[in-house]
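Okay, so here's the structure we're looking at.
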Protein chains: 2
Amino acid sequence: MEKKVTIQDIARQAKVAKSTVSRYLNGGSVSPQTRRKIDEIVRKNQYIPNTFAQGLKQEKNRTIGVIVPRLDSMAQVEMLRGLDSANQNDTFLIANIYQDPIRELAAIKKFIAQKVAGLIILTANLTEEIRQTLLDADIPVVLQGQDEPDFARVMMDDQQAGKIVGQYIQTLSPKNVLILNVDQKLDWAIGYERFQGVKAALANISHHEVITTFKRQTAKLDAAKAMGKQHYDLVIGATDAIAVGAMQAGFELNQHPYYLGFGQSVYSEIVSPELTSFEFNFFETGEQIYDLFQKIRNEANIRPVKIVIPGQLIRRASTKK
Amino acid sequence: MEKKVTIQDIARQAKVAKSTVSRYLNGGSVSPQTRRKIDEIVRKNQYIPNTFAQGLKQEKNRTIGVIVPRLDSMAQVEMLRGLDSANQNDTFLIANIYQDPIRELAAIKKFIAQKVAGLIILTANLTEEIRQTLLDADIPVVLQGQDEPDFARVMMDDQQAGKIVGQYIQTLSPKNVLILNVDQKLDWAIGYERFQGVKAALANISHHEVITTFKRQTAKLDAAKAMGKQHYDLVIGATDAIAVGAMQAGFELNQHPYYLGFGQSVYSEIVSPELTSFEFNFFETGEQIYDLFQKIRNEANIRPVKIVIPGQLIRRASTKK
DNA sequence: TTGTAAGCGTTATCAC
DNA sequence: GTGATAACGCTTACAA
C-alpha cells in the first residue's frame with residue numbers, strides 16, 4: 001500500500017522548489033541537469049499528479065460527458081467504440097439515460113456541475129429545457145441524431161437513405177406495402193426524414209403505415225396485427241430490429257413478403273433469410289463525432305457545423321425471389 | 001452565460017461564514033433560520049459545489065471505475081444496466097478495454113491515479129501484474145467473471161450450468177456431438193468450468209471439441225470446417241454467438257443437428273429455429289455487483305466474498321424434433 | 001450555533 | 001533558470 005506522493009515530495013528529494021517541478025511537468029524551462037534529476041525521482045516514486053488539485057487550479061480537465069439514450073442498441077455501442085478509437089487523451093464519462101428526458105436533463109446537469117470539458121450527446125430528441133441548459137452552460141457540445149441548428153452536430157443522411165431505398169423499392173414492384181415506423185415526435189430523423197423518400201416512391205403503390213416502437217417484441221406484435229388483417233408483399237421497418245420483429249411475425253403467420261430494414265447490422269446477417277438493409281457506419285460516425293468535438297473545443301467561436309454521414313443499401317436474401 | 005458561483009458567494013449573500021454554508025451542505029448543525037436563508041440563496045444561485053475542490057480536500061469521491069472487456073457483448077451491457085439500476089449516488093467511469101490486458105492495466109492505473117472510490121471489473125482474465133496493481137492500490141474492488149480468492153467477486157454458476165446442460169443432453173441421446181469451445185486460458189470460467197458437466201455427460205458418447213473464438217464469424221468458419229468433415233447431430237456452443245455461428249454454417253451445409261448455446265439472449269429468439277440456451281440473468285448480476293461493492297466499501301476489512309449467480313435452461317426449437 | 005484559519009496539491013506570477 | 005508566494009474552492013479543527 002503506497003501512500004500518495006506529491007509534487008512537494010519530489011521537490012524535496014530533488015532539492016528544488018516545487019514550482020520547478022511543476023515547470024518540469026508542464027514543459028517549462030528547466031536546465032538539463034535539473035531535468036534529469038527530477039526525471040529520475042519522478043519515475044522512482046511513480047509520481048502521478050493529483051487530478052483534483054489540477055482541476056481545481058486550471059478550470060479545465062480532460063473529461064468529456066457522453067449521453068447515450070440506450071446501451072442495448074448496436075448503433076450506440078458502435079458509436080462509443082468509434083469515439084474511443086478516435087480518442088486522443090480524454091476520459092469519457094458515459095451516462096445511459098434509457099431514453100428518458102428527465103434522466104437526460106439530470107445527467108447533463110450533473111456533468112456540467114462536474115465541470116466536464118464538454119458534452120457529446122447521442123440523442124433522438126432534445127427537450128426545450130435541455131436545449132437551454134446546454135446553451136447556458138457554454139461548453140463545447142456535439143449532438144448526434146438531432147438536427148439542431150444551434151449546435152455542432154453529426155447526422156445520418158436519412159433523407160438520402162430514404163431516397164435510395166425508395167428507388168430500390170420500385171425495382172421490386174410491390175403491390176401492397178407495410179411500413180412499420182416510429183413516432184416522429186420520438187425520433188424526427190427516423191420517423192420523418194428517413195421515410196420521406198420511401199413514401200414518395202410509394203405514391204402510386206398501395207401502402208399502409210403502422211406506428212410501433214424500437215423494441216423488437218412490440219414491433220412483432222404490431223406487425224402480426226397488421227399482417228393478420230391483410231396481405232403484404234413488402235414490409236419496411238424503420239430499423240433492423242423492427243424489420244426482424246416483422247419477419248418473426250410473418251414466419252408465424254406463414255407469410256413470406258420481402259423485408260427491408262434500416263440501420264445497424266447485428267441482426268441482419270443472423271436472421272434467415274438475411275435482411276436487406278440500408279446501413280450506416282456507426283463506428284466511423286463515432287470517430288467523426290470526436291473529431292468534430294476536438295475542432296469546436298479548440299477553435300473558440302466556430303459557427304455550428306453539420307456533418308452528414310452517408311450510408312449504403314446492402315441487398316440480402318430478404319428481398320430476393 | 002453564468003459565471004461560477006462559489007461557497008464564498010453564498011456565504012456573503014447569506015451574511016454567514018463559508019464554513020457555515022459548508023456545514024449546511026454536509027448536514028452539520030445549522031440553526032433553522034440560517035438553514036432557510038441559505039436554502040433560498042443556494043437555490044436562487046443554482047449553486048453546485050466544485051467537485052475538484054471537494055475531492056482535493058477529502059480524499060474521497062463518488063466515482064467508480066468500471067472495466068468492461070467488450071461493449072459489443074449483450075451480457076456486458078446488461079450488467080452495466082444492472083449496475084446503473086442499483087446505483088445510489090455514484091458516477092460510473094466506464095472503460096472499454098477490448099479484451100486487451102495492456103489496455104486493461106493502463107485503464108486501471110489511470111482510474112487509480114484519478115483516485116476513484118473503487119473499481120468494478122468485468123473480466124475474463126486477470127494478469128498477475130493487474131492483480132498486484134489492484135492489491136497495492138488498496139481500494140474496494142469487485143470482480144466479475146474471474147474466481148480470484150483475494151477479491152470480492154460475483155460469478156456465474158458455470159459448473160451448475162454445465163451439469164444441468166449435461167443432464168439435458170442425455171435426454172436428447174445424441175450419437176455424435178460437436179463442442180465449440182473457447183480457450184481455457186482466455187476464459188477459465190467458460191472454457192473450463194462451464195464444460196466440466198457437459199463433458200462428464202458425454203463420457204460414453206462420441207464427441208469432438210474444437211477451439212474457436214467469441215466472434216460469431218470465426219465460430220461460423222470453424223464450425224463449417226468441422227461439420228464438413230463429419231456429421232454431427234448435436235452442436236454445443238460455449239456462447240449463444242458461437243452456437244448461432246454454427247447454425248449458419250449448418251444452414252449452408254444443409255445439415256440440421258440440434259443446437260445448444262449458453263449465455264445472453266438477444267440472438268436466441270431471433271434465429272430460426274430459436275436457440276435452446278442456458279441463460280443467466282446478467283441484469284440482476286449487475287445489481288448484485290453494485291450491492292456487493294457497497295458492502296465492501298462500507299465495511300472496512302471484510303473477507304473476500306464470493307457470490308454465485310444461478311441460471312436456467314431455456315428449451316427452444318433448436319433441440320426439438 | 002457560528003466564525004476563524006489552516007490546509008489539500010497544483011499552477012501562475014513575480015522577483016531574484 | 002529558479003524559488004517564494006499567492007491563489008483555486010472546499011472542509012475541518014478549534015475557538016468563540
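Only a predicted model underlies this, so the values are computations on that prediction, with no experimental measurement involved. Order of the sequence lines fixes the chain letters, A, B, ..., with proteins taken first and strands second; residue numbering starts at 1 for each chain.
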Handout entry: Rounded interatomic separation in angstrom, taking CZ from R35(B) and C1' from dT2(C)
Key =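 That distance rounds to 14 Å.
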Handout entry: Integer-rounded Å distance: dG3(C) P and Y24(B) OH
Key =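 Distance, rounded to whole Å: 16 Å.
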Going by the rule side chain to side chain donor-acceptor pair (under 3.5 Å), which residues pair with [X] if we only count those two or more places apart in sequence or in a different chain?
X	result
R23(B)	none
Q54(A)	none
T51(A)	none
S19(A)	none

Listed partners of [X] passing salt bridge (Lys or Arg N to Asp or Glu O under 4.0 Å), at least two apart:
X	value
K306(A)	D147(A)
R131(B)	E128(B), E148(B), D150(B)
D158(B)	R194(B)
D90(B)	R62(B), R297(B)

Please list, one pair per line, the donor and acceptor atoms closer than 3.5 Å that link side chains of residues 96-107 of chain A to other protein atoms, with sequence neighbours excluded.
from, atom 1, to, atom 2, distance (Å)
N96(A), OD1, Y98(A), N, 3.4
D100(A), OD1, I102(A), N, 2.8
E104(A), OE2, T123(A), OG1, 3.4

Completion exercise
Each nucleotide of nucleotides 5-16 of chain C classed B (base within 4.0 Å of a protein heavy atom), S (only sugar-phosphate) or -, in 5' to 3' order, makes --BBBBBB----
Problem - Relative orientation of the end axes in the helix from dT1(C)-dA16(D) to dC16(C)-dG1(D), expressed as an angle to the nearest 10° (five pairs per end) - result: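 Inter-axis angle at the ends, rounded: 40°.
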Practice task
Using chain A heavy atoms and a threshold of under 4.0 Å, write down where along DNA chain D the contacts begin and end, 5' to 3'.
Solution key: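 Boundary nucleotides touching chain A, in 5' to 3' order, are dG1(D) to dG9(D).
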Handout entry: Test: R12(A) and D9(A) ion pair at under 4.0 Å
Key =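 D9(A) and R12(A): salt-bridged.
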